[in-house]
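One structure is given below, encoded as structure tokens.
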Amino acid sequence: MSDQIRVRFAPSPTGYLHVGGARTALFNWLLARRTGGVFVLRIEDTDRERSSGEMTQAILDGMTWLGLTWDEGPFHQADGLDRHKGDVARLLEQDAAYRCFCTPEELNAKREQLKEEYRYDRACYHIPRDESERRAAAGEPFAVRFRVPEGETAWDDEVHGDTRFRNESIDDFIVLRTDGTPIYNLAVVSDDIHMRITHVIRGDDHIANTPKQILLYQAMGAAVPRFAHLPMILGPDGKRLSKRHGATAVGQYAEQGILPQAMNNFLALLGWNPGGDVEVMGMDELAERFSLERVNKKSAVFDTAKLEWMNGQHIALTPAEELLPLVAPVLVRDGLIAEAEVDTRREWLLRLVEELKIRGRTIHEIAGHARTYLVDEVEEYDEASVAKHWKNAADVDQRLADVREGLSGVDPWTPEGIDAALRAAADKAGVGFGKLAQPLRVALVGQAASPGIDFVVHTLGREGALRRIDRAREKLAAMQGP
RNA sequence: GCCCCGUUCGUCUAGUGGCCUAGGACAUGGCCCUCUCAAGGCCAAAACACGGGUUCGAUUCCCGUACGGGGUACCA
């Protein structure tokens, strides 16, 4: 029990859950699952101005959608304010930190003067303790700075290996603002100690924060956890992923018809590889295979094309029963079926989804393909298809007439019976099956691509199929002229 | 500027000194299957950033350069 791994995901609610955050959450979750550990969710809302409850909820929703359930929390960092202050007071007592009476204005002036060369000049470093306390008691405003010791700070990063910083390159950073609220690094360390976090897994943009945090752990007399710094996720242009690259919030992918398991699978492979050639995996297999050792150091480009391919793979693997609840709302929204029909026509819809699921990469594509089976007649005849397959209008018309007759007599109405009737019509016309199926396909769905022709006819139903054939023959007649 | 981190096909990656004529996947092109489409199968094209070392031998180890990224806040 004591060596149980405890990890946490600690987003700040200043925006939606974006793919980078989702990947970080996923890796934490995966490690917890893999090792029988605990996954803690903590909302880092110490920056009150930029945080909002709405965003907190959006993040929770995003994680729920992905299935990244947390074992403890969500905790709110702001709730730990008293503890954070207590920790700072202790640091002050131990002389590991000191009061800084420099005003932001003074600091800014120095910064402007020295530009990039700027380092805190430690003006308040040597103020004697009694004087410092006297000024504080007199009501003089102050912030609290951490007294960075001499030497070097190093850790064995789970993904980067040995990483070290000379302490002289680290400024005496502020841990408590003038208004008495803690700064990020202090709050994080205080919380991670409090929550007994054993492994800190986060983006590698935090590498430079790590030595500061380690120094804090040491000053607080706490055990330093293991650190794993994950590579960044980039846009197609190699720049850090941002809004201008398109969708970055996981919620947007949900809306685009991406399956959560596909999103997780894709994200898992961004910066980690399972070893072996299998790439399409469910959550269980991901958790089973996950290890920090196989996490990469190099930042990765988010490739939407591969995400969609992977989504198609997952859709194909998902039973129609699970897909229908996702497809149906889109059909209802588009006014193609009534809410009630989702139940009354369930079997018919399931057969349709089952047939279409290998033909679409997103839920919306599936719904799009379903459209033609749900409207009364062909909405648009694709020009190129008509030109190619209805070239000889008179012949086509004759074949459609034969098909119409054959279909009228099919009983029972099964794909097999339909197939037999169509083959008979082809034989009668003395042409290969394709020469019959293609013109017919254009007549039925308006284009030259669709699932198997017997499936199409069967799904349309006798009435629907005959009606469309009639319509096509009218169009054919018009094409032949008066 | 300074401090860190990184660099294998267009993209995600395998590779831990000889097994590499550098493997897989997406995307691309072709072929097969076939009533079309999709799926699937087969094939093709496509990469070790550069320069020095170390070594009998470097994609793999070391150093430098270039390029990219992160940090350098009383943001997180």
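Keep in mind that the numbers below use all heavy atoms, side chains included, and drop hydrogens, waters and symmetry copies. In what follows, chains are A, B, ... by sequence order, proteins preceding strands, each numbered from 1.
Residue Ser299(A) holds its OG atom at 11.5 Å from NZ of Lys239(A), rounded to the nearest 0.5 Å. Note that CZ of Arg147(A) is 5.0 Å distant from OH of Tyr125(A), once rounded to the nearest 0.5 Å.
Using a 4.0 Å cut-off between a side-chain N of Lys or Arg and a carboxylate O of Asp or Glu, Glu285(A) and Arg289(A) qualify as a salt bridge.
If you check U55(B) for Watson-Crick or wobble pairing at under 3.5 angstrom, you find it has no partner at all. With a cut-off of 3.5 Å on both pairing distances, the Watson-Crick or G-U wobble partner of G29(B) is C43(B). In this structure, G17(B) makes no Watson-Crick or G-U wobble pair, since no nucleotide meets both defining distances under 3.5 angstrom. The partner of C74(B) is absent, by the rule that a Watson-Crick or G-U pair needs both atom distances under 3.5 Å. Pair assignment for C67(B): G6(B), on the basis of Watson-Crick or G-U wobble contacts that are both within less than 3.5 Å.
Mapping Arg164(A) and Asp45(A) onto RNA chain B by nearest heavy atom places Arg164(A) closer to the 5' end of the strand. Nearest-nucleotide positions on RNA chain B place Val301(A) closer to the 5' end than the other of Val301(A) and Leu234(A).
If you take atom C1' in U34(B) and the same atom in G18(B), they sit 48 Å apart, rounded to whole Å. Rounded to the nearest Å, the gap between the P atom of G6(B) and that of C63(B) is 12 Å. Nucleotides C4(B) and U21(B) are separated by 39 Å at their C1' atoms, to the nearest Å. For C56(B) and U72(B), the C1' atoms lie 47 Å apart once the distance is rounded to whole Å. A gap of 12 Å separates the P atoms of C48(B) and U11(B), to the nearest Å. Rounded to whole Å, the C1' atom of U60(B) lies 13 Å from the corresponding atom of U55(B). Between A66(B) and C20(B), the two P atoms lie 36 Å apart (nearest whole Å). A44(B) and G68(B) are spaced 32 Å apart, taking the C1' atom of each and rounding to whole Å.
Distance, Phe227(A) CZ to C4(B) P: 18 Å, rounded to whole Å. Separating the CG atom of Leu352(A) from the P atom of C37(B) is a distance of 20 Å, rounded to the nearest angstrom. If you take CG of Asn185(A) and C1' of C75(B), they are 11 Å apart, rounded to a whole angstrom. Nucleotide C12(B) holds its P atom 15 Å from the CG atom of Leu230(A), rounded to whole Å. With rounding to whole Å, Ile170(A) atom CD1 is found 16 Å from A73(B) atom C1'. Atom NE2 in His369(A) sits roughly 11 Å away from atom P in A39(B) (whole-Å rounding). In this structure, His206(A) places its NE2 atom 7 Å from C1' of A76(B), rounding to the nearest Å. Put simply, NZ on Lys239(A) is 8 Å from P on G70(B), counting in whole angstrom units.
Looking at the side chain of Ile183(A), the nearest of the listed nucleotides G69(B), A76(B), G6(B) is A76(B). Distances were taken from every side-chain heavy atom of Asn209(A) (C-beta onward) to each of A76(B), U11(B), C74(B); the shortest belongs to A76(B). Nearest nucleotide to the Arg177(A) side chain, out of C35(B), C75(B), U11(B): C75(B). Relative to the side chain of Arg166(A), the nucleotides C12(B), C4(B), C74(B) differ in distance, and C4(B) lies closest. Nearest nucleotide to the Lys298(A) side chain, out of U8(B), A76(B), G68(B): U8(B). Closest to the Ile207(A) side chain, of the nucleotides A76(B), C5(B), U7(B), is C5(B).
In this model, the phosphate group of A73(B) is approached by a side-chain N or O of Arg111(A) to a distance below 4.0 Å at OP1 or OP2. Phosphate contact (OP1/OP2 of U13(B), side-chain N/O of Asn273(A), threshold under 4.0 Å): absent. For Arg294(A) and G15(B), the shortest distance from a side-chain N or O to OP1 or OP2 is below 4.0 Å. Contact between the side-chain N/O atoms of Asn167(A) and the OP1/OP2 oxygens of C3(B) is not found at any separation under 4.0 Å.
A donor-acceptor contact under 3.5 Å is not formed by the side chain of Ser169(A) with the base of C2(B).
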statement: Once base and sugar-phosphate atoms are separated, protein heavy atoms under 4.0 Å mark nucleotides 20-34 of chain B, 5' to 3', with B, S and - as ----BBSS-------
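There is a side-chain donor-acceptor pair under 3.5 Å between His84(A) and Asp191(A). For Arg83(A) and Ser190(A), the side-chain atoms include at least one donor-acceptor pair closer than 3.5 Å.
Looking at every heavy atom in both residues, Val148(A) comes nearest to Leu215(A) through CG1-CD2, 4.0 Å. Taking all atoms of both residues into account, the shortest heavy-atom contact from Ala228(A) to Asp157(A) is CA-OD1, 3.7 Å.
Here Asp454(A) lies in heavy-atom contact (under 4.0 Å) with a base. Among the protein residues, Thr46(A) comes within range of the sugar-phosphate backbone only, with heavy atoms under 4.0 Å from sugar or phosphate atoms but none that close to a base. As judged by a 4.0 angstrom heavy-atom cut-off over every strand, Leu269(A) is placed among residues touching the sugar-phosphate backbone only.
Listed in residue order, the members of residues 426-451 of chain A having a heavy atom less than 4.0 Å from RNA chain B are Phe433(A), Gly434(A), Ala437(A), Gln438(A), Arg441(A), Ala448(A), Ala449(A), Ser450(A), Pro451(A).
Put simply, the side chain of Glu44(A) reaches to within 4.5 Å of the side chain of Val188(A), judged on heavy atoms.
Both tests hold for Arg99(A) against Phe142(A): distance to the six-membered ring centre under 6.0 Å, angle to the ring axis within 45°. At least one test fails for Arg145(A) against the ring of Tyr98(A): distance under 6.0 Å to the centre or angle within 45° of the axis.
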message: Test side-chain contact (heavy atoms from CB on, under 4.5 Å) on Thr163(A) and Thr210(A); report intermediate values, then the result.
response: CA-CA 10 Å; Thr163(A) 309; Thr210(A) 306; over 6 Å; no
- request: Show the numbers, then the answer: is there a side-chain hydrogen bond (donor to acceptor under 3.5 Å, both in side chains) between Arg361(A) and Asn311(A)?
  value: CA-CA 6 Å; Arg361(A) 296 191 152 199; Asn311(A) 200 50; over 6 Å; no
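Atom CD of Glu405(A) is surrounded by 12 or fewer heavy atoms from other residues, nucleotides or ligands within 6.0 Å.
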